Every structure is written in structure tokens, then in C-alpha cells.
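Values in this document were obtained by computation on a predicted structure and should not be read as measured data. Because only heavy atoms are used, hydrogens play no part in the values below, and waters and symmetry mates are left out as well, while side chains stay in.
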Amino acid sequence: MLYVGNSTANGEYNTADLVQATVAVVHNFPARVTASAPVSPAHLLVAVEGGALYRYNVLTKESELVTELGAHVTGLSHDSFSGLVYASMSSLEVLAVEPFTGVFEVFATMPDKGRVAVSPSGKLYYVPAKYLQAQEGMIQKLGPAGGDLTGGRAGARRG
């Protein structure tokens, strides 16, 4: 099942069944959905306009406010190794968020508007907003000379 925000109205969270070609509203959030990421077999972390993060349970179809980030979230990416979710923010900060406690910290700063993504190798990458349409050379590494944010795994803590 695919989960999509705002496809029928702002704040509505929908399921899209690609085989049956159907869409159904499964939940209403208090504001426009700006990003989401799966964090467990039963949970999605959902960001809404303004920076609130909700944990949505796909089995019970209920959500719980996890934390308020204080700025608009432009993207979420889950690191399955560490369990952390990386939130790219309109403020250009990248926040590392624990999706079940809501504890977060500033992890890095993007050089310009864009999104972040955790790769299968565990590195955190930055994609500038101007390159979000597929084109050659669109992905840039974010961080110090080593290229990625951590010099290794995305879930590594900076000291």
C-alpha cells in the first residue's frame, strides 16, 4: 500500500492501491502534509506544515503528535540501521529525530534549499532543490571533505 498526503485535500492522508487503481482517505491531519517516512512495519512519521511530526499507525489508523520542530519540514529519510529519521528543514538545518520519543538535535546544515536521503550504504546525501527533476549529476554529498555528513554511517553521532 502506498500512503500519500494531500492528494484529495490538504491534510488528508490517503492510501493508494496501484493494483486496484483506488484511493481512500485514511486519516486527517491538522495541516498540509509535507513529508513522510516509514519507521517500522506499522508506523509512518508524518510531517505537517509548520513542523509538527506525527507518528501514524497503519494498523489502527491513528496518529500521535511526536514533537514540534519549529520550521517547515521539506523531507524525511529513515536510517534503518540507527532508527533515526533525518529531517531536511526550510531553515536549511538537517535534524536527526528519534521517531518514537521525539528527541531531536541539529545534525548538519544544508548549503542551499534541498532534501536529504539516507543511501543503502548508510551515508546521508543532499539533493539541491533545483535538481529535484532527474538530470545527470543531480546528487551531491553533504558534509566535510569526506563527502557525507558523518564520514561514515548516517546514524553516527557527531562529537
Novice: Could you list the residues that satisfy salt bridge (Lys or Arg N to Asp or Glu O under 4.0 Å) with Glu62, not counting sequence neighbours?
Specialist: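 Applying salt bridge (Lys or Arg N to Asp or Glu O under 4.0 Å) to Glu62 gives none.
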
Novice: Please check if the side chain of Thr74 supplies one atom and the backbone of Ser90 the other of a donor-acceptor pair under 3.5 Å.
Specialist: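 No.
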
Novice: Distance-only, no hydrogens or angles: does the Asn6 side chain make a donor-acceptor pair with backbone N or O of Gly11 under 3.5 Å?
Specialist: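 Present.
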
Novice: Of all heavy-atom pairs between Val118 and His78, which one has the smallest distance, and what is that distance?
Specialist: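 Residues Val118 and His78, closest heavy atoms: CB-O, 4.0 Å.
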
Novice: Which other residues end up in the same hydrophobic cluster as Val46, if Ile, Leu, Val, Met, Phe, Trp and Tyr are linked when side-chain heavy atoms come under 4.5 Å apart?
Specialist: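 Direct or chained contacts put Val46 with Met1, Tyr3, Tyr13, Val26, Phe29, Val33, Leu44, Val48, Tyr54, Tyr56, Val58, Leu59, Leu65.
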
Novice: Could you work out the complete set of other residues in the hydrophobic cluster of Val39, with links drawn between I, L, V, M, F, W and Y side chains under 4.5 Å apart?
Specialist: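 Other cluster members: Leu45, Leu53, Val66, Leu69, Val73, Leu76, Val85, Met89, Leu95, Val97, Phe100, Phe104, Val106.
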
Novice: Where the side chain of Ser88 meets the backbone of Gly75, is there a donor-acceptor pair that is under 3.5 Å apart?
Specialist: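 Checking the backbone N and O of Gly75 against the side chain of Ser88, a donor-acceptor pair under 3.5 Å is found.
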
Novice: I need the Ser119 OG to Tyr125 OH distance, nearest 0.5 Å.
Specialist: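 Between atom OG of Ser119 and atom OH of Tyr125 there are 5.0 Å.
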
Novice: Go through the steps for Met110 and Val116 under the test side chain to side chain contact (heavy atoms under 4.5 Å, CB included), then give the verdict.
Specialist: CA-CA 9 Å; Met110 298 182 290; Val116 293; 4.2 Å; yes

Novice: Test of understanding: with side chain to side chain donor-acceptor pair (under 3.5 Å), list the residues that count as partners of Ser80, not counting sequence neighbours.
Specialist: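 So Ser80 forms no side chain to side chain donor-acceptor pair (under 3.5 Å) with any residue.
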
Novice: Kindly compute the distance separating CZ (Arg32) from CD (Glu12), expressed to the nearest 0.5 Å.
Specialist: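 Rounded to the nearest 0.5 Å, the CZ-CD separation comes out at 13.5 Å.
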
Novice: Tracing side-chain links under 4.5 Å among I, L, V, M, F, W and Y, which residues wind up in one group with Val25?
Specialist: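 Result for Val25 is none, singleton.
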
Novice: Working to the nearest 0.5 angstrom, can you tell me the gap between Glu98 CD and Ser82 OG?
Specialist: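 Answer rounded to 0.5 Å: 9.0 Å.
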
Novice: Indicate the atoms forming the closest heavy-atom contact of Phe81 with Pro120, along with that distance.
Specialist: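 Heavy atoms only, the tightest pair is CE1-O, 3.8 Å.
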
Novice: Do any pairs count as a side-chain hydrogen bond (donor to acceptor under 3.5 Å, both in side chains) and have a residue in residues 20-30, sequence neighbours left out, and if so which ones?
Specialist: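 As it turns out, the side-chain hydrogen bond (donor to acceptor under 3.5 Å, both in side chains) pairs with a partner in residues 20-30, which skip direct neighbours, are His27-Ser63.
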
Novice: Over all heavy atoms of both residues, which pair between Pro99 and Arg55 is shortest? Give the atoms and the distance, please.
Specialist: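 Smallest interatomic distance, heavy atoms only, reads O-NH1, 2.9 Å.
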
